[in-house]
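The next block holds one structure in the form of structure tokens; read it before the comments.
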There are 2 protein chains.
Amino acid sequence: MTTKERILQGAHDVFQRNGFSGATMQAIAEKSGVNKALLHYHFGTKTELFHAILQQSFSQLLPAVFMALNSEMPLRDKLRNVVELYLGTIIKNPELPLFVISELQRNPSFIKKQINLRSFPPRFVQQVNDASARREIIHAEPADIMADLMGLCILPFVARPILQHLSGKSNAQYKEFLQHRVQHVCDVLVGGLFQVQR
Amino acid sequence: MTTKERILQGAHDVFQRNGFSGATMQAIAEKSGVNKALLHYHFGTKTELFHAILQQSFSQLLPAVFMALNSEMPLRDKLRNVVELYLGTIIKNPELPLFVISELQRNPSFIKKQINLRSFPPRFVQQVNDASARREIIHAEPADIMADLMGLCILPFVARPILQHLSGKSNAQYKEFLQHRVQHVCDVLVGGLFQVQR
DNA sequence: GACAGAATTGACTAAATGGTTAAACCATTT
DNA sequence: AAATGGTTTAACCATTTAGTCAATTCTGTC
């Protein structure tokens, strides 16, 4: 593992836990086991180092989902597929969503400058609009379904402290809860969109 | 408006926009139009002032929802009711959810010490468990439905920058999108939980 | 109007923080 | 083994920041 990678790893940990303002170069240096000046030698400024981390974090979170959303699969299966993929990613890195969301909220310009996703995947948009027009799903637009999907997936992670407290679950129980969530989210999402006529 | 209230107002704005670490006492003083030393005179330390704001913010967000969840209403109507109430609150204060969620994540101990909600409202728990046992809704526990509800509601606010960017909406269009969301969330949530047998 | 206590301020301090720099270190080439 | 160029470090600097304090102003009471 090269020094640069060790620093990126340390920066990732510290930024993710504390956010941009809460993180200090000293803390990152210690976490990485190198001298503070080395951070500047390799990455210039705190902001540049942070942007490297934010970029990397973001690209862990959405691009794979977008690829899946752009596949040929029928909408119903696609949604199940994406939920599994998305939740799988998040379970492996539970602090990722809140980090990305918080920091993008405070660096909105970063989105336009650094993120190369320009719009929802065209095939997904097509499918949703078609299905909505044909009444196969309830009236909805792509942004709705994207919001549903993301919201249902990330909430138990971003709001874990409060949700775990209120449900009185132990850590182990909460982990189990998260496992079951995959199925639950699929059921609610697919079942809520593809409603039978009553 | 008393000085103490002016300070609380300024602190609310600054903390909400920048988080605990990103906020400075100087910025709060300027926003409130008072001398920095006055903040310490009235509130002691930055941490204490912050806790006052976090407490107040949190209590804007959940207690009303919990009261509604504890009413006598049948579950189906109750869910619609709570979604309207919750989304109504958030639309009036769109930065509240992300602020509370981020800061609780970094102050988990705050929940046990300062927040007097100890568990989900008993009537809600009862209803969910009954309905789940009787197969009126899909298999789910209260924490699931709470997570669904919160996730569906808050996502378009906490992830607004990215979602608005990807959907290519103007500010006005996004506002309209948020308006329609109330109906959409109700449909997905109620429709997804109360599924007919197929 | 004098007094007392609370409210408010400007000037200050000590610690922390992002960033710089000159020197030391190390591997590779000649 | 000397030279070279990239890497790493300790010491340092300027600025920012939370917090303090003595002095001043304000407000109500006698």
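Hydrogens, waters and symmetry mates are skipped; everything else that's a heavy atom, side chains included, is used. Below, read A as the first sequence line, B as the second, and so on, with proteins coming before strands; counting in each chain starts at 1.
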Set of residues satisfying side-chain hydrogen bond (donor to acceptor under 3.5 Å, both in side chains) with respect to Q179(B), sequence neighbours excluded
none
Contacting residues from residues 2-24 of chain A, given that a heavy atom lies under 4.0 angstrom of DNA chain C
A23(A), T24(A)
Can you sort out the partners of S109(A) under side-chain hydrogen bond (donor to acceptor under 3.5 Å, both in side chains), two or more places apart, ordered by chain and number?
none
Tell me, please, the opening and closing nucleotides of DNA chain C, 5' to 3', among those with an atom under 4.0 angstrom from a non-hydrogen atom of chain B.
dA6(C) to dG10(C)
According to salt bridge (Lys or Arg N to Asp or Glu O under 4.0 Å), does anything in residues 11-21 of chain A pair up with another residue at least two apart or in another chain? List the pairs.
R17(A)-E95(A)
Check residues 156-168 of chain B and write down every donor-acceptor pair under 3.5 Å in which the side-chain atom is one partner and the other belongs to a residue at least two apart or another chain.
| from | atom 1 | to | atom 2 | distance (Å) |
| --- | --- | --- | --- | --- |
| R160(B) | NE | Q164(B) | OE1 | 2.8 |
| R160(B) | NH2 | Q164(B) | OE1 | 3.3 |
| R160(B) | NH2 | N171(B) | OD1 | 3.4 |
| Q164(B) | NE2 | K169(B) | O | 3.2 |
| Q164(B) | NE2 | N171(B) | OD1 | 2.8 |
| H165(B) | NE2 | L117(A) | O | 3.1 |
| S167(B) | OG | L163(B) | O | 2.9 |
| S167(B) | OG | Q164(B) | O | 3.3 |

Please name all residues satisfying ring-ring contact (aromatic ring centres under 6.0 Å, His included) with H51(B), sequence neighbours left out, ordered by chain then number.
F110(B)
Listed by chain and number, what are the side-chain contact (heavy atoms from CB on, under 4.5 Å) partners of H184(A), not counting sequence neighbours?
R181(A), V188(A), I138(B), A140(B), D144(B), D148(B), L193(B)
Can you give one letter per nucleotide of nucleotides 20-29 of chain D, 5' to 3': B if a protein heavy atom sits under 4.0 Å from the base, S if only from the sugar-phosphate, - if neither?
BB--------
Can you name the residues that form a side-chain hydrogen bond (donor to acceptor under 3.5 Å, both in side chains) with K78(B), not counting sequence neighbours?
Q127(B)
With D187(B), which residues qualify under salt bridge (charged side-chain N to carboxylate O under 4.0 Å, His left out), at least two apart?
R80(B)
Pairs counted as Watson-Crick or G-U wobble with both distances under 3.5 Å: what dot-bracket string results for DNA chain C, using | for bases tied to another strand?
||||||||||||||||||||||||||||||
